[in-house]
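A, B, ... follow the sequence lines: proteins, then strands. Residue 1 opens every chain. Not measured: the values here are computed from a predicted model.
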There are 2 protein chains.
Amino acid sequence: MRTRKIGLDYPSNSEACPVETTLDVIGGKWKGVILFHLIDGKKRFNEFRKLHPCITQRMLTLQLRELERDGVIHREIYKEVPPKVEYSLTEFGRTLEPIILLMKDWGVQHKNSVNKEVRTTRNEELK
Amino acid sequence: MRTRKIGLDYPSNSEACPVETTLDVIGGKWKGVILFHLIDGKKRFNEFRKLHPCITQRMLTLQLRELERDGVIHREIYKEVPPKVEYSLTEFGRTLEPIILLMKDWGVQHKNSVNKEVRTTRNEELK
DNA sequence: CTGAATCCCCAGAGATACTG
DNA sequence: CAGTATCTCTGGGGATTCAG
């Protein structure tokens with residue numbers, strides 16, 4: 001999503017769309033989920049894995065790195081054996097909390113309205 | 001994003017994460033942008049293209065179809081020549097407005113804090 | 001004008017194995 | 001424990017052409 005911007009010079013790209021700016025930060029495949037879990041407090045690497053077994057190690061690492069790079073989360077490394085790393089929201093990251101929480105609320109309320117299955121029906125109803 | 005769910009039976013997948021449900025609906029590459037523009041009122045196909053020249057015809061069509069399939073937007077076809085199609089938010093779609101507007105606000109406020117360029121610095125600062 | 005249909009490529013993502 | 005390092009491969013997405 002970010003690479004799309006490289007080399008392009010459309011004048012009113014993200015200028016016309018602040019929404020895009022936001023989605024650049026939280027729109028990654030698992031970023032919303034990660035941020036959501038961080039609202040409760042700091043989490044360790046394997047805690048995320050337990051919370052979402054379907055996220056692969058690789059993807060979890062990548063998404064965490066991008067969030068860190070964007071200044072949204074902080075990565076605290078404890079020089080212990082065995083190693084221990086804790087992720088937490090930064091001040092900047094906290095500004096995203098309202099959005100994440102609103103997304104959570106919407107998800108809870110409309111979970112049943114959203115059809116999760118593959119849509120087989122393609123009703124093109126003309127009128 | 002949606003296909004990921006097919007065939008998987010992780011117990012606490014989107015159950016643990018309502019955020020994921022929401023992102024399934026608005027997390028598509030251009031969906032946030034599209035929804036944002038629809039808040040002002042109905043839009044025609046080419047209006048979107050003018051608003052965001054960087055979206056290809058193909059992607060615009062695909063994203064619109066998915067949003068329609070999710071019941072978020074309505075596609076009104078006028079049987080005229082030349083053809084005319086108008087997209088608008090459904091009742092259901094309007095429930096997403098607060099989220100989109102919040103994302104817009106955040107984008108406006110933090111546009112400058114978000115580094116749009118490619119990050120070349122990879123400072124892994126241990127402590 | 002509003003798409004649908006193809007072709008095609010490569011980056012995103014999975015699987016697996018290895019490491020400090 | 002918390003990651004890298006490769007390898008692989010799919011499907012997301014661009015470019016182009018056709019259609020009602």
Grab the CD1-C1' distance between Ile77(A) and dA2(D) for me, whole Å please.
-> 10 Å

Rounded to whole angstroms, how far apart are CD on Glu80(B) and P on dC1(C)?
-> 13 Å

Atom-pair distance (NZ on Lys29(A); C1' on dA11(C)), nearest Å = 13 Å

For Phe48(B), answer base if it contacts any base atom (sugar-phosphate contacts may also be present), sugar-phosphate if it contacts only those atoms, and nothing otherwise; contact means non-hydrogen atoms under 4.0 Å.
-> nothing

So, does Gln63(A) use its side chain to make a donor-acceptor pair with the main chain of Trp30(A) at under 3.5 Å?
-> yes

Spacing of CG belonging to Leu23(A) relative to CZ belonging to Phe36(B), to within rounding of 0.5 Å | 11.5 Å

Can you check the Phe45(B) CZ to dT2(C) C1' distance for me, whole Å?
-> 6 Å

cation_pi(Lys84(B), Tyr78(B)) dist<6.0 Å, angle<=45 | yes

pair His52(A)-Glu20(B): side-chain heavy atoms closer than 4.5 Å | yes

So, is Arg65(B) near the phosphate of dG3(C), with a side-chain N or O under 4.0 Å from OP1 or OP2?
-> yes

Taking five pairs at each end of the helix from dC1(C)-dG20(D) to dG20(C)-dC1(D), what angle separates the two helix axes (nearest 10°)?
-> 60°

In Å and rounded to the nearest 0.5 Å, what is the OG to CG distance from Ser113(A) to Asp70(B)?
-> 11.0 Å

Write down the distance between CD (Glu76(B)) and C1' (dT2(C)), rounded to a whole number of angstrom.
-> 15 Å

Testing dG14(C), dC1(C), dG3(D) for proximity to the side chain of Pro82(B), the answer is dC1(C)

In whole Å, what is the span from the CG atom of Asn46(B) to the C1' atom of dC1(C)?
-> 6 Å

Compile the donor-acceptor pairs under 3.5 Å between side chains in residues 95-108 of chain B and protein atoms, sequence neighbours left out, one pair per line.
{"unit_1": "Thr95(B)", "atom_1": "OG1", "unit_2": "Trp106(A)", "atom_2": "NE1", "d": "3.0"}
{"unit_1": "Thr95(B)", "atom_1": "OG1", "unit_2": "Phe92(B)", "atom_2": "O", "d": "2.4"}
{"unit_1": "Glu97(B)", "atom_1": "OE2", "unit_2": "Arg94(B)", "atom_2": "NH1", "d": "3.3"}
{"unit_1": "Trp106(B)", "atom_1": "NE1", "unit_2": "Thr95(A)", "atom_2": "OG1", "d": "2.9"}
{"unit_1": "Trp106(B)", "atom_1": "NE1", "unit_2": "His110(B)", "atom_2": "ND1", "d": "3.3"}

Pairwise distance CG(Leu62(A)) to CD(Gln57(A)) - rounded to 0.5 angstrom = 11.0 Å

Over how many whole Å does the gap from Met59(B) atom CE to dG12(D) atom C1' extend?
-> 7 Å

Short question: side chain of Thr21(A), backbone of Lys111(B) - any donor-acceptor pair under 3.5 Å?
-> no

Within the structure, does a side-chain N or O atom of Arg75(A) lie under 4.0 Å from either OP1 or OP2 of dA2(D)?
-> no

Atom CD1 of Ile55(A) and atom P of dG14(C) are separated, to the nearest Å, by 9 Å

Per-nt protein contacts along nucleotides 15-20 of chain C (heavy atom under 4.0 Å; B base, S backbone sugar-phosphate only, - none) come out as B-B--B

Run through Lys29(B), Arg75(B), Lys31(B) and flag the one making a salt bridge (Lys or Arg N to Asp or Glu O under 4.0 Å) with Glu66(B).
-> Lys31(B)

Which comes earlier along DNA chain D counting from the 5' end, the contact point of Gln63(B) or that of Thr61(A), where each point is its nearest nucleotide?
-> Thr61(A)

